[in-house]
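Scroll down for the structure; my scribbles are underneath it.
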Amino acid sequence: MKRVIAFILFMCIFFLSGCNTENPDTNETSDNTATIPNESTNTPNQDTPQSSIEEKRFVLESNGYKLNAVYTYINDCKAHPTVLLIAGSGPSDYDETIGVLKPFEDIARGLAQKGINSLRVEKRTFGYADKFDMKCGIEEEYLDDCNAAIGFLKTQNISGLYLLGHSLGGQIATELAANTEGIDGMILFNSSARHLADIACDQYSAADPANKESYITYATAAKNASASSAKGYYYYGATDYYWASYNSIDTAQNIIEANINTLIINSKFDKQSFDEDLNLWSTLFSDSAKISICVYDDISHFGYKIDTTDPSSIYTRVDFPSEVISDFVNFIKGE
């Protein structure tokens, strides 16, 4: 019974960002290619009137899966820095929609107004949840499709390639940066260097302190999972096969090995993280010349100045903070 309760909690805490968008027909398959239709939509460009911001909606094909994607770019025949947006855990559309809020759309348009292109792609677990079986892991949830997205961006007219990972997506960004040529910098947004199972344990224990010892047991089992020992047991809503895959990620070591400029942004108002998450970044990297650490007091896990853990708040439209966009822009432009 405790495992069932934990699974339900996991779905509430980690899988909150999914919403419905149209999924393209999936009968055709091909590997790691992208097609862009001729149609595009223009959005106002307030800061660079000589340029035109365009959004091209297309299908990114990755290992036989068709993923809805949006490439937001400056159509002025010049190369611009470009960012791949990587969503957090659980099923997510390309806007990382939560209620009426669309943080990735807001970020993409904020960046574009400052002359920065971006690509956002729905997660495979959003449109193909039925294909994600108990033996699937980080490769299927993230790495295969992110690599396809990076491959697409390298074919575009860009002046630099950056990764912006939100929550678990931040840890994935470090894995990509450590193992992919041509990444110029990365932003870890409300992410953590701690093991995901430890974070989950703290979240569950805070919600259900009477069963804290059980949650510690789950976290230990998840962290000890390996490909050879996995049997399909569930810990925090994910199988031990998934945890075995995740356990290969060492976020801190990835940052060291990537050796690129990195911006880490967290918030004391983020109710899905803890002081330990914020303090660990400082302990690990406060003396690193290539790593900047910024801690806000007032932005939520998804970046807005509202409590996005309150179910009612996510149905009130608010603007994404301009100062957070400015931090992204200044980092990418080296200002």
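Computation of the quantities below employed the complete heavy-atom set of this structure, encompassing side-chain atoms and omitting hydrogens, waters and symmetry-equivalent molecules. Residues take their numbers from the sequence shown, with the count starting at 1.
Salt-bridge formation is not detected for the pair E96/K102: no Lys NZ or Arg NE/NH1/NH2 atom is positioned less than 4.0 Å from an Asp or Glu carboxylate oxygen. Between K305 and E323 there is a salt bridge, since at least one side-chain N of the basic residue sits less than 4.0 Å from a carboxylate O of the acidic one. The pair D240-K231 does not count as a salt bridge, with every side-chain nitrogen at least 4.0 angstrom from each carboxylate oxygen. In summary, D202 and R194 engage in a salt bridge, as defined by a charged side-chain N under 4.0 Å from a carboxylate O. Salt bridge present: R109 and E55 bring a charged side-chain N and a carboxylate O closer than 4.0 Å. By the 4.0 Å N-to-carboxylate-O rule, D307 lies close enough to K271 to be salt-bridged with it. Salt bridge status for E139 with R124: absent, with no side-chain N to carboxylate O gap under 4.0 Å.
For the pair K212/Y204, no side-chain contact is recorded, criterion being any heavy-atom separation below 4.5 Å from C-beta on. Within the 4.5 Å cutoff, the side chain of N259 has heavy atoms near those of the K290 side chain. Put simply, the side chain of T316 does not reach to within 4.5 Å of the side chain of I306, judged on heavy atoms. Using a 4.5 Å heavy-atom threshold, the side chains of C136 and E141 count as separate. At a threshold of 4.5 Å between non-hydrogen side-chain atoms, the residues Y162 and T82 do not count as touching. Contact annotation: the side chain of E54 approaches that of Y73 to within less than 4.5 Å [non-hydrogen atoms, C-beta and beyond]. Counting heavy atoms from C-beta outward, V324 and Y296 have side chains that approach closer than 4.5 Å.
Under the 4.5 Å side-chain heavy-atom criterion for Ile, Leu, Val, Met, Phe, Trp and Tyr, F274 and F269 are members of distinct hydrophobic clusters. Under the 4.5 Å side-chain heavy-atom criterion for Ile, Leu, Val, Met, Phe, Trp and Tyr, I216 and Y233 are members of distinct hydrophobic clusters.
Among I86, N266, L85, I265, the single residue meeting the side chain to side chain contact (heavy atoms under 4.5 Å, CB included) criterion with F189 is I265. When the options N179, I138, T180 are evaluated for a side chain to side chain contact (heavy atoms under 4.5 Å, CB included) with L143, the one that passes is I138. Here the rule is ring-ring contact (aromatic ring centres under 6.0 Å, His included) with Y71, and of Y94, F58, F152 only F152 fits it.
Within the 3.5 Å criterion, the main-chain N or O of T72 finds no donor-acceptor partner in the side chain of K56. Not a single donor-acceptor pair under 3.5 Å links the side chain of H166 to the backbone N or O of L188. Remark: the backbone N or O of A197 is not paired with any side-chain donor or acceptor of W243 at under 3.5 angstrom.
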**OP:** Decide side-chain hydrogen bond (donor to acceptor under 3.5 Å, both in side chains) for D144 and Y65; before the verdict, give the C-alpha distance in whole Å, the side-chain angles of both, and the deciding distance to 0.1 Å.
**Re:** CA-CA 10 Å; D144 290 347; Y65 293 93; over 6 Å; no
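For the residue pair P321 and I299, the shortest heavy atom distance occurs at CG-CG2, 4.1 Å.
Between Y304 and F320, the ring planes are perpendicular. Angles over 60° get that label, and only those under 30° would be called parallel. Between Y218 and Y235, the ring-plane angle classifies as tilted under the 30° and 60° cut-offs.
For N330, there are no side-chain hydrogen bond (donor to acceptor under 3.5 Å, both in side chains) partners at least two apart in sequence or on another chain.
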